Amino acid sequence: MARTAEKAPGAWKDGKSWVYSITYDEGFAGLLEHVVPLHRRLGFPGHVAVVAGQVGVPRNVPGSSFDGWLTLGRDDLLSLHREGWGVSSHSLTHPEVITEAAARREIVDSRRRLEETLGFPVPVFCVNYDMGNYPISLKYAPEAGYAAILTIYDFVNRGKADLMKLGRVPLVSEFPPPFFSRFDPYRRIQQAAEAGGWIIDYCHCPLPGGPVHPAKDCSLEELEQRFEAVLRLGGRDVWLAEVNEVVAFLGG
Ligand SMILES: [Zn+2]
């Protein structure tokens, strides 16, 4: 079979042939009850993309379907970091549009704010709201010193070339109209394994019994199916990795 990978199989850390990571946008405190224990039980590191100006307080993003949800606090983030989780900046206030006038605050200052609060590096920016904010994120990333940018493009990453536009695979119970679908725990795993690629999953805060927003999350049970599929199909070949660790491995 033809291989199209930039990295040959076995080229990842410890000879692993492909990589699996997962990120949770907004970093809600609700992760602590069910999702973090699932991570511990199955041995997966996690990563949260946090709105830098709202650490430890209820989300204040009028119009957001998650408005009012409590965000993880400093102590929570520090303890997650101690057990291998990473944090990225998800802007300062999560505006629908990052204007040129606000770009330095939202993209550059948000990193500084998080690093001052947390005391560890925050080398990755996670584009907020939608991909309309990607061009300005890319423009200001060098000033902030970001090594990578997380997007919501759905693709398998192949290596260093993808760092400033990392694809992520949405874990959702059902895509919104007109692209109805059902949750697929195997999504892109075969592709990543054959190509020697890197899957970065993303969702928000999976809950038992079903997501609050079927187009923005899967359920906790579906998340467990996903992890089990990664373990079953990945076996010894998959590197379960925290995003910042992979970015550093790629030289970002
Ligand atoms: Zn967001």
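Each residue takes its place number in the sequence, starting with 1. Since the structure is predicted, the reported quantities are computational estimates derived from the model, not experimental observations. Atoms within a ligand are numbered from 1 in the order they appear, just like the ligands themselves. Quick note: numbers below take in every heavy atom, side chains included, and nothing from hydrogens, waters or symmetry partners.
For the Zn ion (ligand 1), the set of nearby N, O or S atoms under 2.8 Å includes none belonging to H204. Taking backbone and side chain together, E26 holds an N, O or S atom under 2.8 Å from the Zn ion (ligand 1). Note on C126: not counted as a metal contact of the Zn ion (ligand 1), no N/O/S atom lying under 2.8 Å.
Annotation: angle subtended at the Zn ion (ligand 1) by H90 NE2 and H94 NE2 is 100°, to 10°.
Relative to the six-membered ring of F28, R59 misses at least one condition, a distance below 6.0 Å or an angle of at most 45° to the axis.
In summary, of the residues considered (V87, N244, V246), a side chain to side chain contact (heavy atoms under 4.5 Å, CB included) with H47 occurs for N244 alone.
Aromatic ring pairs are classed by plane angle as parallel below 30°, tilted from 30° to 60° and perpendicular above 60°; the pair Y24 and H39 is perpendicular.
Scanning all heavy atoms of the two residues, the minimum distance from I199 to R188 falls at CD1-O, 3.5 Å.
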